[in-house]
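Please read the structure below before turning to the comments.
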Amino acid sequence: MNKLETSKELVAANREQRKDQTFPQASQDEKDKIVRLFHPDYHAEGYRPIRIGPNKGERTVHEIADLLESKSPLFKEELSLKPAHSTDILIIGGGGAGAAAALAAKEAGADVMIATKLRFGDSNTVMAEGGMQVAAGKDDSPITHFKDTMKGGHFKNDPLLLKTLVEEGPSAAQWLLGLGISFDRDEEGNLKLKSGGGTSRPRLLTCKDYTGLELMRTLKDAVLNEGIRILEFSPAVELLSDGRGACTGAVLKNLDAHQWIVVQAKTVILATGGSGRLHIQGFPTSNHFGATADGLPLACRMGASLTMADTFQYHPTGVAFPEQMAGILVTEAIRGAGAQLVNRSGARFVYELETRDFVAASIIKECAEGRGVETPSGKKGVWLDFPMVNLKNGPDYLDHHFPNMIRQFSRFQMDVRKEPILIYPTLHYQNGGVKINVDGESEIKNLFVAGEASGGIHGRNRLMGNSLLDIIVYGRRAGKAASARAKMAEPGNLTLEHLDRFNQELEKASIHPGKTSPILFPDYVRKEEVTKKSA
Amino acid sequence: MVHTTIAGKPCEVPEGLNAIQAMWYCGIDLTHGIGCLGGVCGACTLTYQLHGSPVKTALGCQTQVVDGMSFNLFAADVKRAVPYKTSLDPKKAMDIPLLKNHFNETLSATRRCVACGACTAVCPQEIDVMQGVKEAINSDFKKVSGLFLNCVMCGLCATVCEAHVLPHLVGLYSRKVTSFYLTPKTAWLEERVEEIRSGYYEAEMKRLLNYSESDWAREFAAGPVWRSTGRKSDQNL
Ligand SMILES: Cc1cc2nc3c(=O)[nH]c(=O)nc-3n(C[C@H](O)[C@H](O)[C@H](O)COP(=O)(O)OP(=O)(O)OC[C@H]3O[C@@H](n4cnc5c(N)ncnc54)[C@H](O)[C@@H]3O)c2cc1C
């Protein structure tokens with residue numbers, strides 16, 4: 001029997017014993033210490049200062065800094081800026097934030113167009129499992145939600161952005177119910193609420209472990225019903241400016257025809273999502289194929305600054321084995337339901353519902369100090385003891401509450417009702433992003449940003465479930481504000497003047513990038529003689 | 001290594017890859033037929049065969065490539081306009097008889113189902129699609145709603161239906177009306193919305209907005225305050 005199987009047996013053998021065992025929460029000092037030592041956000045070699053642009057001098061990870069210091073793909077193009085499309089509002093990105101913005105803008109009477117990289121709805125949003133935080137419970141309130149989130153974010157959250165987030169939570173949930181979303185409900189019709197890491201009350205609205213799928217199909221259907229124009233396979237590669245600092249549209253790339261598409265818009269909403277596919281510091285990721293942080297270089301080249309673009313969420317429980325699923329997320333809700341984390345000898349080492357940064361750091365520590373389990377290809381991980389959930393809650397609990405997890409693992413011949421799963425932290429969420437105000441506007445006039453591409457709301461560590469709320473609240477706010485702005489504005493001039501300024505800055509800093517950004521897709525295609533990169 | 005055939009081209013790939021990873025391994029660049037890579041977006045539908053057995057369908061990112069497997073990406077692009085407007089009207093109370101009419105008007109082809117079972121056979125999510133269509137014809141929308149929980153809207157079912165039924169939309173329709181018309185109201189949620197609208201939490205929120213980092217540290221060290229909801233019934237206020 002190999003090491004993996006031997007360890008798995010140890011976990012099964014002491015499961016009954018661990019069932020009622022309590023594990024102490026760590027003190028704040030202890031947490032700080034372990035996070036500093038083991039969380040990738042504190043791994044100095046992973047970082048460098050940004051050399052140009054609005055965030056010059058600030059540190060971020062190499063992968064993001066490289067994007068910010070790369071040239072526009074249009075840098076040597078002779079491009080006519082005659083628009084192929086003209087619209088009030090151009091929404092870049094067809095995930096949850098983009099869809100919510102589109103609906104709000106349309107409702108406010110604007111002419112809206114969505115441009116997205118893959119198909120409409122192929123996004124991080126559709127993948128969300130665990131739920132959406134809304135202070136909807138009898139003993140809950142926006143105040144408690146505010147405090148929990150502040151604590152989770154290490155008190156670095158923009159308090160005004162956060163205030164609006166939590167206060168508009170319940171009405172955002174109502175809005176979604178009005179679109180026909182199916183959240184889990186009890187007999188009386190009230191929302192069933194679940195706990196998550198860092199929430200002092202059960203506060204997660206869920207649709208089993210398919211919350212994002214339910215959210216995205218509901219939003220998508222609403223957008224299609226509104227007849228909103230959608231350009232698929234048309235990612236934005238550059239923004240356009242009027243030459244006086246305001247945003248007036250974007251240049252898209254038609255991926256099929258390899259042609260540029262110029263879109264003129266009175267206002268632009270960037271909703272391009274996160275950056276997991278950059279594989280920051282070599283981590284696997286839970287994100288969809290198009291999560292390459294495109295919004296960040298686009299916004300920065302226009303002159304909009306980023307905030308907290310040095311902090312990322314490494315979700316504690318990404319799949320480490322089987323490798324076909326490497327990086328795929330196992331929802332935190334499973335720990336909320338009682339699944340424990342145990343090392344190679346079947347011992348617990350962290351209270352499972354601490355905030356994500358601490359749990360992730362603790363897992364990395366466990367593996368770094370030799371108490372992890374090795375996979376056949378030499379990767380490391382610890383066990384997430386799924387069967388404990390049924391042991392604690394009854395034999396059908398996993399089937400009823402986590403059908404998605406059961407199905408996904410069964411496809412690779414694993415039965416999570418019977419066996420634990422090997423996990424390791426996975427690059428999951430971009431905590432920071434483009435700086436916005438409560439209307440979702442960036443520092444650049446008429447350039448709005450919503451969702452994971454924006455920063456500030458979640459501070460330096462997002463709590464589970466707050467992102468789905470963020471994309472609805474701020475997606476809608478951006479849509480509404482952009483629409484009001486568009487009503488007062490005339491279509492602007494279309495120029496690439498900001499690129500002249502940007503290129504001069506590159507010159508001055510003696511940076512000669514070989515690459516262009518945004519990169520649009522990760523490159524996993526094996527070239528001859530090149531070994532396979534982990535996906 | 002395992003032997004496989006991708007879109008008619010024989011290839012050798014390492015053991016333990018899914019179909020998408022195998023395509024990358026074989027030098028194939030993908031922008032279509034790829035999406036979330038986590039089994040929920042429905043972009044990577046494919047057809048496959050094992051040693052000449054009957055053709056099956058699955059999601060590429062969820063399909064382990066094994067020896068003797070041949071496969072083709074088969075994106076079922078069913079981005080036809082949604083043929084109905086589910087304008088959910090909160091002022092209307094719709095019961096089953098009313099919904100039955102509404103359903104028949106909006107997804108009228110459904111009744112033409114000939115129960116051939118092709119939709120169920122082709123579903124990569126193992127949904128009993130045909131059963132769902134039948135239940136919808138019988139107006140048991142609640143049941144349909146449950147059956148289609150994990151529908152990724154890939155549209156394979158609609159692609160193979162000779163009667164032009166749109167089963168994935170039948171599922172979506174049922175989910176919407178079940179939640180909207182056939183489930184009691186969310187009373188607590190409405191209470192919260194009202195409270196917030198009335199400015200109930202304004203004062204406490206204002207106080208918190210002025211907090212410095214050290215104020216926060218103090219607040220959390222104090223314990224009970226941390227649990228307070230800001231409601232007057234809480235003693236800490
Ligand atoms: C596996 C997983 C599970 C999660 N679970 C939860 C959870 O339980 N609760 C929670 O609150 N949050 C969760 N999150 C986080 C949350 O889902 C995301 O942060 C959120 O959905 C982001 O929404 P968005 O609209 O900003 O971005 P996305 O949904 O990613 O949408 C961005 C869209 O923009 C497109 N795009 C990218 N670049 C360009 C470009 N250059 N031009 C045009 N289009 C572009 C993308 O392809 C995509 O369609 C989870 C995330 C993942 C990955």
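Here is the naming used below: chain letters follow the sequence lines, and residue numbers restart at 1 for every chain.
Looking at B:V65, neither its backbone nor its side chain comes within 4.5 Å of chain A, counting heavy atoms on both sides. There is no contact between B:E194 and chain A, counting heavy-atom distances below 4.5 Å. Heavy atoms closer than 4.5 Å to chain B are found nowhere in A:I230, neither backbone nor side chain. Contacts of B:I28 with chain A are made by backbone atoms alone, with heavy-atom separations under 4.5 Å and no side-chain atom involved. In this structure, chain A has heavy atoms under 4.5 Å from both the backbone and the side chain of B:C151. Interface remark: B:T63 contributes backbone atoms only to the contact with chain A (heavy atom separation under 4.5 Å). Contact of A:E168 with chain B is not made at all, since no heavy-atom distance falls under 4.5 Å. At a 4.5 Å heavy-atom cutoff, the contact between A:E187 and chain B is made by backbone atoms alone. When heavy atoms are compared at a cutoff of 4.5 Å, A:L118 approaches chain B solely by way of its side chain, counted from C-beta outward. For chain B, the nearby part of A:K156 is the side chain; its heavy atoms alone come within less than 4.5 Å. Heavy-atom distances place the side chain of A:D256, and not its backbone, under 4.5 Å from chain B. Contacts between A:M150 and chain B at a heavy-atom distance below 4.5 Å involve the side chain alone, from C-beta outward. Residue contact with chain B, scored on non-hydrogen atoms closer than 4.5 Å, involves the backbone of A:A135 exclusively.
Contact check for A:C207 versus B:L149: side-chain heavy atoms found under the 4.5 Å cut-off. Side-chain contact check for B:C41 versus A:M216: every heavy-atom pair is 4.5 Å or farther apart. No side-chain heavy atom of B:K176 sits under 4.5 Å from any side-chain heavy atom of A:R217. The side-chain heavy atoms of A:R277 and B:L37, taken from C-beta on, include a pair separated by under 4.5 Å. Side-chain contact between A:L520 and B:T31: absent, with no pair of heavy atoms (C-beta onward) separated by less than 4.5 Å.
Of all heavy-atom pairs between A:G189 and B:T183, the closest is CA-CG2, 4.4 Å. Contact record, B:V193 with A:P170: CG2-CB, 3.5 Å, taken as the closest heavy-atom pair. Scanning both residues, B:Y201 and A:D140, for their nearest heavy atoms gives OH-O, 4.4 Å.
Across B:M205, B:K185, B:Q125, the residue that shares the most heavy-atom pairs under 4.5 angstrom with chain A is B:M205. The choice from A:N190, A:L191, A:D186, A:T218 that makes the most heavy-atom pairs within less than 4.5 Å of chain B is A:N190. Between chain A and the options B:G27, B:S145, B:C26, B:A43, the largest number of non-hydrogen pairs under 4.5 Å is found for B:A43. Among A:P142, A:G121, A:G290, the residue making the largest number of heavy-atom pairs under 4.5 Å with chain B is A:P142. Contact count versus chain A (heavy atoms, under 4.5 Å) is highest, among B:G42, B:G35, B:A58, B:S212, for B:G35. The greatest number of non-hydrogen atom pairs below 4.5 Å with chain A, out of B:Q64, B:M23, B:R175, B:E190, is found for B:R175. Your options are B:T186, B:L208, B:N18, and the one with the most heavy-atom pairs under 4.5 Å with chain A is B:T186.
Applying the 6.0 Å contact sphere to NZ of A:K31 captures more than 12 heavy atoms from other residues, nucleotides or ligands. Within a 6.0 Å sphere centred on CD of B:E15, heavy atoms belonging to other residues, nucleotides or ligands number 12 at most. Atom CD of A:E107 is surrounded by 12 or fewer heavy atoms from other residues, nucleotides or ligands within 6.0 Å.
For the atom pair A:K220 NZ and B:L172 CG, the distance stands at 9.5 Å (nearest 0.5 Å). Remark: B:R192 CZ to A:Q174 CD distance equals 12.0 Å, nearest 0.5 Å. Remark: B:C61 SG to A:I328 CD1 distance equals 7.0 Å, nearest 0.5 Å. Taking CZ of A:R407 as the reference point, atom CG of B:N150 lies at 4.0 Å (rounded to 0.5 Å). Rounding to the nearest 0.5 angstrom, the gap separating the CD1 atom in B:I34 from the CZ atom in A:R119 is 11.5 Å. Here the NZ-NZ distance, from B:K206 to A:K163, works out to 8.5 Å after rounding to the nearest 0.5 Å.
Looking at A:K151 and B:E219, no side-chain N of the basic residue comes within less than 4.0 Å of a carboxylate O on the acidic one, giving no salt bridge.
Side chain of B:S179 to backbone of A:I181: a donor-acceptor contact under 3.5 angstrom is found.
Between B:Y211 and A:F146, the ring center distance fails the sub-6.0 Å criterion.
Of the candidates A:Q324, A:R411, A:M325, B:Q62 forms a side-chain contact (heavy atoms from CB on, under 4.5 Å) with just one, namely A:R411.
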